[in-house]
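Let me begin by presenting the structure, written as structure tokens, before commenting on it.
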There are 2 protein chains.
Amino acid sequence: MASVNAVGSKSPARSAAQLRIIGAALALFPEHGVSGTSLQMIADHLGVTKAAVYHQFNTKDEIVLAVAEAELARLEAVVAGAEAASTQARARLLVVSGIVDLAVDSRRTTTTILSDPVIVGFFADHHTFFDVMSRLRRLLMGDDVGADARVRTAMLLAAISGAVMHPFVVDLDDDTLRTELLRLARRFLG
Amino acid sequence: MASVNAVGSKSPARSAAQLRIIGAALALFPEHGVSGTSLQMIADHLGVTKAAVYHQFNTKDEIVLAVAEAELARLEAVVAGAEAASTQARARLLVVSGIVDLAVDSRRTTTTILSDPVIVGFFADHHTFFDVMSRLRRLLMGDDVGADARVRTAMLLAAISGAVMHPFVVDLDDDTLRTELLRLARRFLG
DNA sequence: GTCTATAGTGCGATAGAC
DNA sequence: GTCTATCGCACTATAGAC
């Protein structure tokens, strides 16, 4: 779970100033949505002016893309780690527990951002996104392309990502949530 | 599944013109997000001007609220139907299959709208939302308030809502998706 | 790398004619 | 109920001083 600079990752190296902006956007996007977050909000969050933000990124779209790729990179690291496993069963367990960790770690953040219409639009023709998704699909489903496997896998991923921000679990602490999620996810996998 | 004017529902009666605006917003919000959808887009979608839209709703917020309440009303109808069941097991099955129907019927629409930060903010102090949620919780969990039951229920609801718009199932037809979803959801319930 | 200042655009919302 | 026209404002983005 340490920070990994995965081989297949193409995210350009980010300066410290750029990372601060990405962090601010990461905090504001889930609360207001991507479209509802202005550069003024990001600048205010960092205690600087809009012009200082524009010195790091030429457009708002570049910031959105950087945030999306940063989140995608976290998922890619989990997938890459699982691909290195010795058996398929062990790989499946690694990817599920990695995604549980990711989801619990960010709770509201990750899922909200990745499901924002603007981000979805950015990923619609993003080759790295398709690459990670097909590797994830291969890890979880193997060569089974039947309706059963696809619905089952989609439900599993949606259940993990969506449950962490559900009102029913807001007052559970991270450890309890992580343990229950992993246990139920493994049971669902069968 | 017919249109139901549920007893507990407080949504004000809507004129035909208002319903057309709600329909346009319902189509545009998932694609651009609530903040990313302007009144100009809604007006263009209907072939009228902004002023005509403002004649039906005084503010954009009123339109957003109307859309949110319309979606909530669909869920409330499912909950009310299940509450009328003779046994608890039958009620649970009714609520799960009702939510599956809802999710498949709208695919991208409902979940995207209900998870939009602006809508979430509107529901944050919306008494009807809390009422429907607690009734849903009672139907699915009974008096069990343990971490296991809460995580399990949150996963079930998130799995159904989230799976319908997952890339893995985009090319499945509605009937197949509905059948598989219901079967797997019942299996997960145990 | 940060600032002030500003250009240009689209937004939500209103007034008043038909 | 829809229109044209407009107001005031916040937005993205840029120019140029420090």
Side-chain angles (χ1 to χ4, degrees), chain A residues 12-70 112-113 116-124, chain B residues 12-70 112-113 116-124:
Chain A
R14 300 293 184 189
S15 70
Q18 285 179 322
L19 289 177
R20 285 181 65 232
I21 292 170
I22 292 173
L26 219 43
L28 292 166
F29 285 172
E31 193 173 349
H32 306 100
V34 172
S35 293
T37 303
S38 68
L39 288 176
Q40 187 68 66
M41 291 181 196
I42 294 174
D44 289 350
H45 194 84
L46 296 170
V48 297
T49 61
K50 281 189 291 180
V53 175
Y54 270 107
H55 188 259
Q56 302 297 331
F57 293 95
N58 292 322
T59 64
K60 181 182 174 181
D61 276 2
E62 282 185 23
I63 299 176
V64 177
L65 189 59
V67 168
E69 285 177 344
T112 313
I113 287 179
D116 189 290
V118 179
I119 306 277
V120 170
F122 269 59
F123 278 151
Chain B
R14 301 292 185 190
S15 71
Q18 284 179 322
L19 289 177
R20 285 181 67 232
I21 292 170
I22 291 173
L26 218 44
L28 292 166
F29 285 172
E31 193 173 350
H32 306 99
V34 173
S35 293
T37 303
S38 68
L39 288 175
Q40 187 69 67
M41 291 180 197
I42 294 174
D44 289 350
H45 194 85
L46 295 171
V48 296
T49 61
K50 278 193 293 181
V53 175
Y54 271 106
H55 188 258
Q56 302 297 331
F57 293 97
N58 292 323
T59 64
K60 181 182 175 180
D61 275 3
E62 283 184 22
I63 299 176
V64 176
L65 189 59
V67 168
E69 286 177 342
T112 313
I113 287 181
D116 188 290
V118 179
I119 306 276
V120 170
F122 269 58
F123 279 150

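All figures in this text were calculated on a predicted structure; none of them were measured in a lab. Reminder, nothing fancy here: chain letters follow the sequence lines and each chain counts from 1.
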*Does Thr49(A) place a side-chain N or O at less than 4.0 Å from the phosphate oxygens OP1/OP2 of dC3(C)?*
yes
*Who pairs with Glu31(A) by side-chain contact (heavy atoms from CB on, under 4.5 Å), at least two apart in sequence or on another chain?*
none
*Can you name the residues that form a side-chain contact (heavy atoms from CB on, under 4.5 Å) with Leu65(B), not counting sequence neighbours?*
Glu69(B), Phe122(B), His126(B)
*Which letter, B, S or -, goes with each nucleotide of nucleotides 11-18 of chain C from 5' to 3', with contact meaning a protein heavy atom under 4.0 Å?*
SBBBB---
Any idea which heavy atoms bring [X] and [Y] closest together, and the distance?
X: His32(A); Y: Met41(A); answer: ND1-SD, 4.2 Å
X: Ile22(A); Y: Ala70(A); answer: CG2-CB, 4.5 Å
X: Ala25(A); Y: Val67(A); answer: CB-CG2, 3.6 Å
X: Asp116(B); Y: Val118(B); answer: OD1-N, 2.9 Å
X: Arg14(B); Y: Phe57(B); answer: NH1-CE2, 3.8 Å
X: Leu28(B); Y: Thr37(B); answer: O-OG1, 3.5 Å

Interatomic distance where [atom1] belongs to [X] and [atom2] belongs to [N] [whole Å]:
X: Glu62(A); N: dA13(D); atom1: CD; atom2: P; value: 9 Å
X: His55(B); N: dT4(D); atom1: NE2; atom2: P; value: 16 Å
X: Gln56(A); N: dA13(D); atom1: CD; atom2: P; value: 15 Å
X: Ile42(A); N: dA10(D); atom1: CD1; atom2: C1'; value: 15 Å

*Contacts to DNA chain D from residues 17-25 of chain B, heavy-atom cutoff under 4.0 Å, which residues?*
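Nothing qualifies; none.
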*Are any side-chain N or O atoms of Lys50(A) and backbone N or O atoms of Ser38(A), one a donor and one an acceptor, separated by less than 3.5 Å?*
no
*Difference in axis direction between the ends of the helix from dG1(C)-dC18(D) to dC18(C)-dG1(D), five pairs, 10°*: 10°
*Nearest-0.5 Å distance, CD1 of residue Ile21(B) to OH of residue Tyr54(B)*: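 Atom-to-atom, Ile21(B):CD1 and Tyr54(B):OH are 11.0 Å apart.
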*Which residues satisfy the side chain to side chain donor-acceptor pair (under 3.5 Å) test with Asp61(A), sequence neighbours excluded?*
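Side chain to side chain donor-acceptor pair (under 3.5 Å) check on Asp61(A) returns nothing, list empty.
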